[in-house]
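Okay, so here's the structure we're looking at.
Only a predicted model underlies this, so the values are computations on that prediction, with no experimental measurement involved. Order of listing sets the numbers, starting from 1, for every ligand and every atom in it.
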Amino acid sequence: MHFGVDYYPEHWPEERWSKDVKLMKEANFTVVRLAEFAWTKMEPSENHYDFSWLDTIIDMLGQANIKTILCTPTATPPKWLMDKHPEIYQEDEYNNIRGYGSRRHYCFNSSIYQDYTKKIVSKMAKRYHDNPYVITWQLDNEFGCHNTVKCYCDDCHKEFISYLENKYESIEQLNSELGMDFWSQTYYSFDSLIIPKHTACDYKQGDMYAHNPGLWLEYCRFSSQSVDNYAKLQIDTLKSNGVKVPITHNFMSRFYDIDYYKHAKLYDFITWDCYPNIIHGPFDSIEEVSYHHDKMRGYKNQPFWIMEMCSAQGGWNFMGRTPNPAQIRLWDYQAVAHGANGIVHFRWRTCLFGTEQYWHGVLDHDGVPRDRYKIIKKTCQEFMELEDIIDNTEVLSEVCIVRSFDNVWAHDYQWHSPSFDYNQILSSIHVALTNMHINCDVVDLSVDLNKYKLIILPAYNITNESEVKKIQEYVKNGGCVVLTFRSGNRDEYNKINGLTLPGYFREMAGIDVINYDALGQEQIKIKGITGDTTATLWADIIDPKESEVLASYDSEFYKNTPCITKNIFGEGSVYYVGCHVTTPIYEKILKTVISDLSIIQHVVTPVDGVETIYRRSDNQEATFVLNHNDFPITITLSKPKNIKIHLEAYDVTVVY
Ligand code: GAL
């Protein structure tokens, strides 16, 4: 287990460094991350390098037994470079340059930028590949931050055409697979293909998204692959210049433009940047953070790190709420419970200048260690004592939620019904499982399904025959699957497959969806295993055929027709949920589903706001108990032993 901070020595006078290192050492930190935005400090003008400051600080830290995660600095190309080669800038869909003044102002497909990348990365690799204090490399910083995956410049247009040329045998095949007959969009050659930017139907002026859904999906795949290629170029450069230590990158919870399942394969391990919703704005509630941790574990099905862990109030133009210091410890434990074996706090000291003056670090602007430093130091100490459990046990999940980026992208482009949000649907089902104290993996379909007792495929719309066969085999052999509305009706080209719904899943679900109702935010009545309650967003109107009806609509013209069914298929069972419900109602549905699956629940009676994560190795068991409430609680565990636990507000314990 590693523990440390993101450190920006280049922002502080050298005379301060020894004090910083001393404080870090006293806190028992084992790592710092350095240099992800420091290109100009390393190469102030073209071909004039200065690594002396970096040599000094890596050495000072190393002497104090604190290792370095060294970053390639490509998230912030210097001004001298952008002035010399303005063609590196990204272009938006209106042909505007996304200019200088913040960060990430480069196009992944710019061959000029790729050359400059190779140059700075090989220079760093040559210098530091055998430095014993450098234990990991991080590429760049948060690929995709600020919506920078999609670019519309000429380089991207050219590369997009060659991506399509490699994938489709002929322009005729492309026209036919993607359905270009619609609106006379037939292309007469690969060169005539567009990159899908603004059209006469301009959504920014209140119109709809109008591009061909298949071409749009290809563009999403292409842009994601462009990031893979760029990352690969950096990895190859590091390795060919002698780097042998692990290479990673910091992912983000709410970035959906990169297929992280594919992208994660490039790295030895992955990390992510965790900022719970103390920031005003679209950040994650604490339950969602749990979901994101499980997603991150699922990208490689192995432990991960937090490369930036929130340490305090944050914000750019304004600040968010100040966390109770106990919450900082709680969030660290939450990450570790879900599979993190490294935590790096963002950032060491709050900066006096620049965009992030309000984004507070472990130390305040004045550099004085106060409560946050003390609680982080204490947490680090506790993790050292728990090292055996953290390193040797793993999260044991008998349930998984399956997702895919094709579905993320396709649902995001055509969201079926107002307020339909694929990520939100998955997250609300995950929260239901958290509330039921059931561990859950979040994975793609490449995993071995047989290790799960229950597989949940919410809105799994784009799929293909081989995926469906894999799921069918799993069920036939005794597995249990929950499917929902909007599943199985699109092919990999984002065309509707024309099958009776639920399309590819019709046989195993044992039902016909004969009509549907896009409810938006309107509520309709339902009854059955859900109790008398309401559904929203979507209503599939179902002919249950031979399957068992578990709940029905209780209003609308389809009153008394089924909304939830169960079908026996081979040795296993398939549940179909035709409408969207709130998290407590998903809990009720899942309670029925798991009733004969003997799935491990780690508590005797759930308590609101208390999270438990059960971990196991061959000879050890441990349950992390986290009280997210601002008041004390008592809870009785059933795993690893029957024991009553009392926890103060925001307190945690590990039972083993
Ligand atoms: C992260 C980013 C950091 C810093 C932080 C706070 O997304 O990686 O560099 O900007 O947010 O804004």
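- Salt-bridge formation is detected for the pair Asp236/Lys232: a Lys NZ or Arg NE/NH1/NH2 atom is positioned less than 4.0 Å from an Asp or Glu carboxylate oxygen.
- Applying the salt bridge (Lys or Arg N to Asp or Glu O under 4.0 Å) test to every pair with at least one member in residues 324-342, sequence neighbours left out, gives these pairs: Arg329-Glu382, Arg329-Asp651.
- Taking the salt bridge (Lys or Arg N to Asp or Glu O under 4.0 Å) definition, one finds that Asp257 meets it with Lys150, sequence neighbours left out.
- The aromatic rings of Phe143 and Phe108 sit perpendicular, their planes meeting at an angle over 60°, well past the 30° parallel limit.
- Between Tyr299 and Tyr260, the ring-plane angle classifies as perpendicular under the 30° and 60° cut-offs.
- For residues 239-248, the set of pairs meeting the side-chain hydrogen bond (donor to acceptor under 3.5 Å, both in side chains) definition, not counting sequence neighbours, comprises Lys126-Asn241.
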Please tabulate, line by line, the atom pairs linking an N/O of ligand 1 to a protein N/O at a distance below 3.5 Å, with the distance in Å to 0.1, or answer 'none'.
| from | atom 1 | to | atom 2 | distance (Å) |
| --- | --- | --- | --- | --- |
| ligand 1 | 7 (O) | Glu142 | OE1 | 2.6 |
| ligand 1 | 7 (O) | Glu142 | OE2 | 2.8 |
| ligand 1 | 8 (O) | Asn141 | ND2 | 2.9 |
| ligand 1 | 8 (O) | Glu142 | OE1 | 3.3 |
| ligand 1 | 8 (O) | Glu142 | OE2 | 3.1 |
| ligand 1 | 8 (O) | Glu308 | OE1 | 3.1 |
| ligand 1 | 8 (O) | Glu308 | OE2 | 2.8 |
| ligand 1 | 9 (O) | Arg103 | NH1 | 2.9 |
| ligand 1 | 10 (O) | Arg103 | NH1 | 3.1 |
| ligand 1 | 10 (O) | Arg103 | NH2 | 2.9 |
| ligand 1 | 10 (O) | Glu356 | OE1 | 3.3 |
| ligand 1 | 10 (O) | Glu356 | OE2 | 2.3 |
| ligand 1 | 12 (O) | Trp316 | NE1 | 3.1 |
| ligand 1 | 12 (O) | Glu356 | OE2 | 2.8 |

